[in-house]
Visitor: 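Attaching a single structure in structure tokens format; questions to follow.
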There are 2 protein chains.
Amino acid sequence: MTRILIADDHDVLRTGLRALIETRSGWEVVAEARDGLEALRAAEAAQPDIVVLDYAMPVMNGVEVARQLRARPRRPEILIFTMHDDDAVLREAVLVGVRGYLLKSDAQGHLLEALATLARHEAYISGQVSGTLLEAVLKPGKLEDSNPLTPRERTVVQLIAEGRTSRQICPILKVGIKTVETHRASAMRKIGAASTADIVRYAIRHRMVEA
Amino acid sequence: MTRILIADDHDVLRTGLRALIETRSGWEVVAEARDGLEALRAAEAAQPDIVVLDYAMPVMNGVEVARQLRARPRRPEILIFTMHDDDAVLREAVLVGVRGYLLKSDAQGHLLEALATLARHEAYISGQVSGTLLEAVLKPGKLEDSNPLTPRERTVVQLIAEGRTSRQICPILKVGIKTVETHRASAMRKIGAASTADIVRYAIRHRMVEA
DNA sequence: CGGCGCCTCAGGGTTTCCCTGAGACTAGAT
DNA sequence: ATCTAGTCTCAGGGAAACCCTGAGGCGCCG
């Protein structure tokens, strides 16, 4: 039996996950937790093989729990289970040794696959995560930098998020419009943005501008 | 049998809700939807008595769906099902005639109670909501809908804020790209937006999407 | 019935996007 | 001292998006 711990603050979601997992034999949900601290204690008591951690939990977020679990003698595999396709969270998670990353929107289809992969101690990353980011995250050892943008790129991103076009930005920075466009494009590549709207949401999430 | 429609973009959560509801006899989940537009179509086809709407759905948020359902001949009771205790959302919901408001953290304990209350056509509001707002909201005053956009414009704005271009939006709404561009332009004029970024910030401020 | 608002779409000029490539400058490593 | 890596700067150019104007159809309401 593969022993699983589920940590999520929403009862209904835990119920759904448990139901999904227990459709297969060989899998057993041995404990549940509704916040980060509970998850740590439950992991201590139940010694699960795999821990499914919601990212946005009260008290302690999923990645923080993962960080603490890392130090334990019998370290379980960890699946971070999150609402948003957020590169910063994925980055952070990979940095603390998490091998599983699943979007909630992807759960029904791929949870069992993810768990099976983790049971073999292989990495599972949700398919909907932007490919460029994944490459950037899985390949280079340059992960310490949680903010992937250069200073200039950050400035441009912020100006874009404030509602300015490249043509309006270039006189502010006293550079050519092509320069602004390059910074914009490379920033988009790094943060996995495919549109101006993605840039704006990124900037708001990172408190570079207010909504 | 009381017929229920569940709309939420997370499969696992729908599974959990369905499992919870079907523990009781007399309740039947007749349809599911994973975004706002699907919810509208499913409501048309399945004619449910109660519609459970996640607030933060793609394409069209829960309150927006409620607004459109209001105009239907056989209008179902609506339960808005949301993550956050947000006065603005509740206010908006009540304004469009929603009588049920349940926090996700409260679901396991009170979902059935909420559904039963709605089945009697009475209002159910989750416990943690501030009383003053409730009062202000439950007695019909001059709480006006301050949102100047038409339903179609709101949908387009949300889709834009989710990162989609006009070309990607038009097949979703099954209209020509010129139509989408017109809605986009008139929405921008109404809300005073001069760029895509302004649209996105507007959408986030009005909780049409999350950052 | 006659407006009025909403949804739908076309034409078309302008702008922006976004990819590729490339030179210069700095800093750190070999 | 040379090399490497990263950043900032900019150009060209095709594709796409933007945004304005105009306009027909539909439902609703006075």
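Naming convention: chains lettered A, B, ... in sequence-line order (proteins, then strands); numbering from 1 in each chain. When reading the values below, keep in mind they use all heavy atoms of this one structure, side chains included, and skip hydrogens, waters and symmetry mates. Owing to the predicted nature of the structure, the values given are computational and were not obtained by experimental measurement.
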Visitor: Nearest-Å distance, CG (A:Leu173) to P (D:dC8)?
Guide: 11 Å
Visitor: Roughly how many Å is it from NE2 in A:His183 to C1' in D:dC10, rounded to a whole number?
Guide: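 My rounded result for the distance is 10 Å.
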Visitor: A:Arg152 CZ to D:dC8 C1': how many Å, rounded?
Guide: 8 Å
Visitor: Residues in side chain to side chain donor-acceptor pair (under 3.5 Å) with B:Arg189, at least two apart?
Guide: none
Visitor: Looking at D:dC10, I'd like to know if its phosphate oxygens (OP1 or OP2) sit under 4.0 Å from a side-chain N or O belonging to A:Thr179.
Guide: yes
Visitor: Would you please name every residue forming a salt bridge (charged side-chain N to carboxylate O under 4.0 Å, His left out) with B:Glu210, sequence neighbours left out?
Guide: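 Here no residue qualifies.
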Visitor: Walk me through it: do B:Glu32 and B:Arg18 pass the test side chain to side chain contact (heavy atoms under 4.5 Å, CB included)?
Guide: CA-CA 9 Å; B:Glu32 298 186 8; B:Arg18 181 187 275 269; 2.7 Å; yes
Visitor: Can you sort out the partners of A:Arg99 under salt bridge (charged side-chain N to carboxylate O under 4.0 Å, His left out), two or more places apart, ordered by chain and number?
Guide: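 Expected list: A:Glu77.
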Visitor: From CZ of B:Arg154 over to P of C:dC6, roughly how many Å is that when rounded to an integer?
Guide: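 Going from CZ in B:Arg154 over to P in C:dC6 covers 10 Å.
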Visitor: With the sugar-phosphate defined as primed atoms, P, OP1 and OP2, and the base as all remaining atoms, what B/S/- string results for nucleotides 14-30 of chain D, 5' to 3', for protein heavy atoms under 4.0 Å?
Guide: ---SBB-----------
Visitor: What integer distance in Å separates B:Lys174:NZ from C:dT8:P?
Guide: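 About 12 Å, once rounded to whole Å.
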Visitor: Quick check for you: among C:dC7, D:dT7, D:dC10, whose closest atom lies nearest to any side-chain atom of B:Pro151?
Guide: C:dC7
Visitor: Mind listing the side-chain donor-acceptor pairs of residues 39-53 of chain B below 3.5 Å, one per line with the distance, residues two or more places apart or on another chain?
Guide:
residue	atom	partner	partner atom	Å
B:Glu44	OE1	B:Arg72	NH1	2.5
B:Gln47	OE1	B:Arg74	NH1	3.1
B:Gln47	NE2	B:Glu44	O	3.2
B:Asp49	OD2	B:Arg3	N	2.7

Visitor: If the condition is salt bridge (charged side-chain N to carboxylate O under 4.0 Å, His left out), which residues does B:Arg34 pass it with, not counting sequence neighbours?
Guide: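 Scan of B:Arg34 (salt bridge (charged side-chain N to carboxylate O under 4.0 Å, His left out), adjacent residues dropped) gives B:Asp11.
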